[in-house]
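Sequence lines set the chain letters: A, B, ... in the order given, protein chains first and strands last, and positions in each chain run from 1. Just the heavy atoms: all of them, side chains too, but no hydrogens, waters or symmetry mates, feed the values below.
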Amino acid sequence: MRLFRRRKPRPSPDIILTPEGVPLKLKVAGIGVRVAAQLTDILLTMAGAAAILILLAMLDLTEPHTLFAIGAMLFFLTRVPYYIATELIWNGQTLGKRLMKIKVVSHDGRTLSTHAIVLRNLMKEAEIFLPGTLVLALDAASPVLSLIAFAWVIMAFLIPLMNPYRQRLGDLLAGTHVIHLPQPVLLKDLAQVKVPVETEGTRIIFLSHQLDHYGAFELQTLESLLRADTGRMSPTAYDSHRKTLGTIIEKIRRKIGYADRVDPADHAAFLQAFYTAQRAHLEQRQLFGDRRANKHHAESDTTA
Amino acid sequence: MEQTVTLRSARFRAEREADWRLLESLVTQAERRGLQRMDYAAARDLAASYRRATTSLAIAREISLDRALLDYLEALTARAYLCVYAPQERLGGLVRRFFAASAPQALRRSWMFILIGFLCMGLGGLTGYLLYLENPSWYFVFLPPEMAGGRSPDATTSYLRSVIYSNDPDTTGLGAFATFLFSHNTRIAIFVFGLGVFVCLPAIALTFYNGLGLGAMLALHVDRGLGWDMGGWLSIHGVTELSAICIACGGGIQLGSAILFPGDRTRREALQLAGRDAVKLALVAAVMLVAAAILEGFFRQMVQDMSARYAIGWGIGLFWLAWALLAGRRRT
């Protein structure tokens with residue numbers, strides 16, 4: 001008997017379902033990078049407020065004892081429109097977020113609405129800035145109020161840690177979260193690289209039963225190994241890379257029962273040929289509905 | 001070479017690669033210059049190319065085991081998705097629409113919550129007034145000394161009069177405006193709104209407490225025969241400022257009631273739904289508080305005549321009321 005019911009596996013927070021019905025992977029941005037973006041924005045708006053304040057002081061519109069109040073007001077008046085305007089113009093990115101390559105997206109995969117942007121940025125005032133100023137302006141006269149404000153700020157910082165989407169209170173209300181912008185880089189197709197031949201000129205051929213041992217995971221691990229940039233390696237790193245290749249080839253040979261020994265000069269060619277053949281085989285199996293996630297696919301087939 | 005051509009996923013990629021490269025350049029263009037400034041053909045191509053890319057991605061996930069291809073397509077489609085589904089709103093139109101339609105409509109929709117806000121304040125005022133008449137020492141309970149600014153039952157009548165009709169240059173101009181904007185009442189309004197989420201009680205209590213202080217202060221001045229003068233001093237900005245607090249309270253109560261009575265929805269959904277109007281109420285309250293700070297910082301000292309103070313204060317109050325009731329009605 002199990003005391004606790006096992007929780008249903010929750011869908012990964014990184015997946016967003018587009019209106020086209022194709023789920024996309026957009027990695028949720030962590031607290032650190034968001035705080036960094038926030039600090040950049042605060043510095044920018046403070047600089048803007050300071051510039052206006054200096055202008056006002058030069059025009060003789062301020063007095064020393066009201067300087068602080070006017071400064072606070074200017075900071076507030078530059079801050080609030082700044083966040084809303086930048087996120088509207090740059091599609092959910094303030095300057096700080098652009099710098100950190102993160103972005104606000106709508107939780108349900110639809111267009112980021114104006115209401116959501118306004119709401120999440122106004123809540124930022126209520127969540128962090130106003131209680132924050134209260135904490136900073138701590139006075140001994142009202143310790144209770146300061147303590148409440150402090151607790152509130154702590155809570156505002158804890159909420160994002162509690163949920164998988166790292167949403168703060170404003171995000172929860174507006175139905176948004178923040179993601180890392182993905183960088184599309186197209187590497188060349190390994191299977192498209194000229195099929196290598198052994199130094200003696202014979203082609204390396206694998207039989208169908210030899211390709212039944214591995215699954216997609218092993219294939220893609222091999223892929224990342226083959227994509228390693230040997231040109232940039234230091235001599236020692238290159239040596240160990242060669243040695244790794246040798247070990248892997250031995251393992252593969254033993255596992256699939258490939259009889260011929262592979263000459264060290266042919267290591268790269270052998271792996272290349274094996275990758276292509278294995279990929280062709282697995283993709284074909286997949287087309288027939290036989291997805292092989294990894295080398296344990298045969299065992300899971302029998303238990304299922 | 002012939003062996004590679006038989007690889008279905010490689011052929012799939014070779015056939016579509018040019019289209020993906022085109023989409024990549026369009027996406028960079030859209031991100032750099034904005035969708036609005038792209039020419040028609042490019043924008044059309046972006047949308048069409050994006051939909052083709054989503055199809056490609058869906059197919060590639062089925063037929064290809066090439067990690068590099070999958071990662072690239074995934075990232076490219078995501079970037080294009082973010083461009084295609086970008087908010088398309090102009091800032092100018094946004095502000096206009098808020099004041100001309102959505103704000104007054106939200107005010108009318110949530111009239112009951114705002115009424116509750118006014119009731120809280122009014123009842124607080126009445127209670128404070130009556131309690132003061134019963135025993136003046138209540139005054140110190142409701143109004144902490146730093147807020148009353150020397151105006152207490154111990155002060156002389158002439159001092160009270162001098163505060164009402166003071167013409168101190170220190171309390172006028174930009175500095176005073178800034179000070180008043182971040183004064184006690186603004187903080188109350190923010191707390192009243194924000195704390196509404198905690199099942200209404202803090203919002204109601206704070207508004208009521210604010211009313212208590214107000215009532216006691218008014219009672220003190222009525223007691224000294226300065227009732228009408230005090231009314232004028234308070235009216236010029238208070239009509240706007242106190243209404244702002246009541247509206248903020250209405251917004252807070254709306255949020256709290258969504259948590260208390262979510263109806264058929266989940267609490268989070270109800271909160272999100274109530275948030276749509278509550279945020280507009282908060283914005284209206286913020287605008288009114290700024291207006292009140294302007295009145296307090298510039299006009300209260302400039303206008304020394306009692307009836308003029310009444311006229312300005314209530315005139316502006318009437319303007320707010322007319323705006324809330326009449327603006328943004330759809331013609332039938």
With respect to chain B, which residue among Ser113(A), Ala216(A), Pro19(A) yields the maximal number of heavy-atom pairs within a distance under 4.5 Å? Pro19(A)
Would you check if the side chain of Arg79(B) reaches a backbone N or O of Pro182(A) as a donor-acceptor pair within less than 3.5 Å? yes
Does Arg109(B) have more than 12 heavy atoms from other residues, nucleotides or ligands lying within 6.0 Å of its CZ? yes
Side chain / backbone / both / neither for Leu282(A) at chain B, heavy atoms under 4.5 Å: both
Under 3.5 Å, is there a donor-acceptor pair between the side chain of Glu20(A) and the main chain of Arg51(B)? no
Do Val118(A) and Leu283(B) have side-chain heavy atoms sitting under 4.5 Å apart? yes
Is the CZ atom of Phe217(A) crowded by more than 12 outside heavy atoms at less than 6.0 Å? no
Are Ile16(A) and Tyr81(B) side-chain neighbours, meaning at least one heavy-atom pair lies under 4.5 Å? yes
Do Ser9(B) and Glu283(A) pair up side chain to side chain, a donor and an acceptor below 3.5 Å, judged on atom types alone? yes
Do you know the tightest heavy-atom contact between Ala280(A) and Leu7(B)? CB-CD1, 2.9 Å
Polar side-chain atom of Glu223(A) near backbone of Arg67(B) as donor-acceptor pair, under 3.5 Å: yes
Would you mind checking which part of Gln183(A) comes under 4.5 Å of any heavy atom in chain B, side chain (CB onward), backbone (N, CA, C, O), both or neither? both
Counting heavy-atom pairs closer than 4.5 Å to chain B, which one of Leu173(A), Leu287(A), Ile84(A), Ile117(A) comes out on top? Leu173(A)
Are any of the side-chain heavy atoms of Arg13(B) and Leu186(A) separated by less than 4.5 Å? yes
Considering only heavy atoms, which portion of Val105(A) lies under 4.5 Å from any heavy atom of chain B: side chain, backbone, both, or neither? side chain
How long is the span from the OH atom in Tyr50(B) to the OG1 atom in Thr18(A), to the nearest 0.5 Å? 4.5 Å
Can you tell me which portion of Arg98(A) sits under 4.5 Å from chain B's heavy atoms? Options are side chain, backbone, both or neither. side chain
Ser64(B) backbone acceptor or donor facing Gln286(A) side chain under 3.5 Å: no
Going through the checks in order, is the salt bridge (Lys or Arg N to Asp or Glu O under 4.0 Å) test met by Asp66(B) and Arg227(A)? CA-CA 12 Å; Asp66(B) 185 0; Arg227(A) 283 191 199 282; 3.4 Å; yes
I need the residue from Ile63(B), Leu57(B), Leu271(B) with the largest number of non-hydrogen atom pairs under 4.5 Å to chain A. Ile63(B)
Okay, Leu26(A) and chain B: the region with an atom under 4.5 Å from a heavy atom over there is side chain
Which value, rounded to the nearest 0.5 Å, describes the distance between Asp71(B) atom CG and Lys25(A) atom NZ? 7.5 Å
Among Leu219(A), Val185(A), Ile89(A), who wins on heavy-atom pairs under 4.5 Å with chain B? Val185(A)
Counting C-beta onward and ignoring hydrogens, is there a side-chain heavy-atom pair between Ser102(B) and His115(A) closer than 4.5 Å? no
Most chain A-contacting option - heavy-atom pairs closer than 4.5 Å, from Arg21(B), Glu24(B), Glu31(B): Arg21(B)
Does any heavy atom of chain B fall under 4.5 Å from the side chain of Trp152(A), the backbone, both, or neither of them? side chain
Option that, when pairs with chain B are counted at under 4.5 Å, heavy atom only, ranks first among Thr114(A), Leu122(A), Leu119(A), Leu169(A): Thr114(A)
Arg291(A) CZ to Glu62(B) CD distance, which is reported to the nearest 0.5 Å: 4.5 Å
Is any side-chain heavy atom of Ile179(A) closer than 4.5 Å to a side-chain heavy atom of Leu82(B)? yes
Least distance between heavy atoms, Val22(A) atom then Ala58(B) atom: CG2-CB, 4.3 Å
Look at atom CZ of Arg61(B) and say whether more than 12 heavy atoms of other residues, nucleotides or ligands are closer to it than 6.0 Å. yes
